[in-house]
Amino acid sequence: MLVTGATDGLGRGLALKLAGAGATVLVHGRDPERLRATSHELRAVEGAGPVRAYRADLASLAEVRALADAVLAAETRLDVLVNNAGIGASIPGGGERMESADGFELRFAVNYLAGYLLTHRLLDLLRVSAPARIVNVSSAGQMALDFDDLMLERDYSGVRAYCQSKLAQVLFTFELAETLAGSCVTATCLHPATYMPTKIVPQPVSTLEEGVEATFALVAGEALEGVSGRYFNGTRESLADPQAYDPGARRRLDEISRRLVA
């Protein structure tokens, strides 16, 4: 099970729970020291299975490709991919517009485009490992994508950038689920919990455990076996922003994304 952003917050909490369940956990992180520390922590969990670490900065599409290539070279199967890594509305950058290594708006690049590329690069491995699951960690904070200014070069807002990137994940999930229909590979997404205590949340509301339990249910819950193309708020199926149910918007985003990562 590959968890991106597994060295902090929700990703780390989920990785610890998966390790305790005996899963082979593939830990992704950006910082080598944090990656080593988290891997060591997971291996010390009672009942833990194998733990392998993969480093990549998801603000670079070249590093995302290298991450996928490393996984494909080393792993013979992948039962679960959790696209969890992300950045908030104001951290980093303090609310100022920033760009990725490829010149894309940073929140769109890290929160959405990196997971889009990683997922597509690993799809064949997920298919041969079926039944398999793809879980995208989104948010209830969603705003419709402005396809005329997808990179928010006009009137930038960190909140809008974050919310747009999170809705992009939902559109991607729904479109992917249709593509994967009949393959025994499912795609779901969720808002794990509201303002969990992580490094991108200044004032927590929910506990980290709530988010971990909700995400674990999509990753490994028997009740959700075969469930695909759904959005969950915590453990309950919910409705996303209306744009997520527009097939034209989903296809348009997919076409743009394919060009951006080509």
Side-chain angles (χ1 to χ4, degrees), residues 4-5 9-10 58-59 83-100 102-117 119 135-178 187-196 198-206 211 214-215 218 229-234 236-261:
T4 67
L10 175 67
L58 300 191
N83 288 308
N84 163 75
I87 53 178
S90 61
I91 302 174
E96 295 296 318
R97 186 180 184 278
M98 301 174 68
E99 292 188 348
S100 70
D102 305 279
F104 304 134
E105 192 280 312
L106 187 63
R107 278 142 186 88
F108 184 85
V110 174
N111 293 353
Y112 162 67
L113 202 58
Y116 176 92
L117 175 57
T119 301
V135 177
N136 293 320
V137 179
S138 181
S139 171
Q142 302 169 11
M143 290 187 186
L145 280 71
D146 179 357
F147 286 103
D148 293 326
D149 187 23
L150 200 56
M151 298 300 160
L152 297 177
E153 295 177 301
R154 304 186 300 270
D155 300 321
Y156 178 82
S157 158
V159 171
R160 177 162 184 81
Y162 175 82
C163 292
Q164 180 174 275
S165 70
K166 288 299 177 179
L167 181 58
Q169 287 183 298
V170 182
L171 269 69
F172 168 48
T173 303
F174 289 0
E175 187 70 11
L176 184 62
E178 289 191 5
T188 55
C189 55
L190 83 160
H191 166 69
T194 301
Y195 296 134
M196 295 173 291
T198 69
K199 64 183 178 183
I200 65 172
V201 175
Q203 295 180 315
V205 174
S206 301
T215 310
L218 291 185
R230 311 284 179 85
Y231 165 72
F232 291 80
N233 189 329
R236 295 185 178 183
E237 187 176 343
S238 187
L239 290 175
D241 182 274
Q243 192 180 49
Y245 303 94
D246 179 351
R250 296 200 302 265
R251 285 194 296 270
R252 188 173 183 185
L253 177 62
D254 185 66
E255 290 167 2
I256 292 171
S257 302
R258 286 181 184 275
R259 291 200 301 271
L260 293 179
V261 304

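Side chains are part of it too, since the values below use all heavy atoms of this structure and drop only hydrogens, waters and symmetry mates. Model, not experiment: these values are computed from the prediction. All residue numbers refer to positions in the sequence shown, counting from 1.
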Where the side chain of [X] meets the backbone of [Y], is there a donor-acceptor pair that is under 3.5 Å apart?
{"X": "N136", "Y": "S138", "value": "no"}
{"X": "S90", "Y": "G95", "value": "no"}
{"X": "N233", "Y": "S238", "value": "no"}
{"X": "N84", "Y": "G5", "value": "yes"}

**Q.** Evaluation steps, side chain to side chain contact (heavy atoms under 4.5 Å, CB included), between Q164 and L150
**A.** CA-CA 9 Å; Q164 180 174 275; L150 200 56; 4.0 Å; yes
Answer whether the closest heavy-atom distance between the side chains of [X] and [Y] falls below 4.5 Å.
{"X": "K166", "Y": "N111", "answer": "yes"}
{"X": "V159", "Y": "C163", "answer": "yes"}
{"X": "V170", "Y": "Q243", "answer": "no"}

Point-to-point distance, once rounded to the nearest 0.5 Å, from [atom1] of [X] to [atom2] of [Y]:
{"X": "S165", "Y": "Q142", "atom1": "OG", "atom2": "CD", "value": "10.5 Å"}
{"X": "L171", "Y": "D241", "atom1": "CG", "atom2": "CG", "value": "8.5 Å"}
{"X": "L167", "Y": "T173", "atom1": "CG", "atom2": "OG1", "value": "10.0 Å"}
{"X": "R160", "Y": "D146", "atom1": "CZ", "atom2": "CG", "value": "6.0 Å"}
{"X": "Q169", "Y": "F108", "atom1": "CD", "atom2": "CZ", "value": "10.5 Å"}
{"X": "L190", "Y": "T215", "atom1": "CG", "atom2": "OG1", "value": "4.5 Å"}

All side-chain contact (heavy atoms from CB on, under 4.5 Å) counterparts of [X], not counting sequence neighbours:
{"X": "P247", "result": "R250, R251"}
{"X": "S257", "result": "Y112, L113, Y116, L253"}
{"X": "R97", "result": "E99, E105, M151, E153, Y156"}

If you look at every heavy atom in [X] and [Y], which pair is closest and at what distance?
{"X": "I87", "Y": "Y162", "value": "O-CD1, 3.3 Å"}
{"X": "L58", "Y": "A114", "value": "O-CB, 3.6 Å"}
{"X": "S139", "Y": "G141", "value": "OG-N, 2.9 Å"}
{"X": "A168", "Y": "L145", "value": "N-CD1, 3.9 Å"}
{"X": "L152", "Y": "S157", "value": "CD1-O, 4.3 Å"}
{"X": "P192", "Y": "A214", "value": "O-CB, 3.7 Å"}

Q | Centroid-centroid distance, Y245 to F174, less than 6.0 Å | A | yes
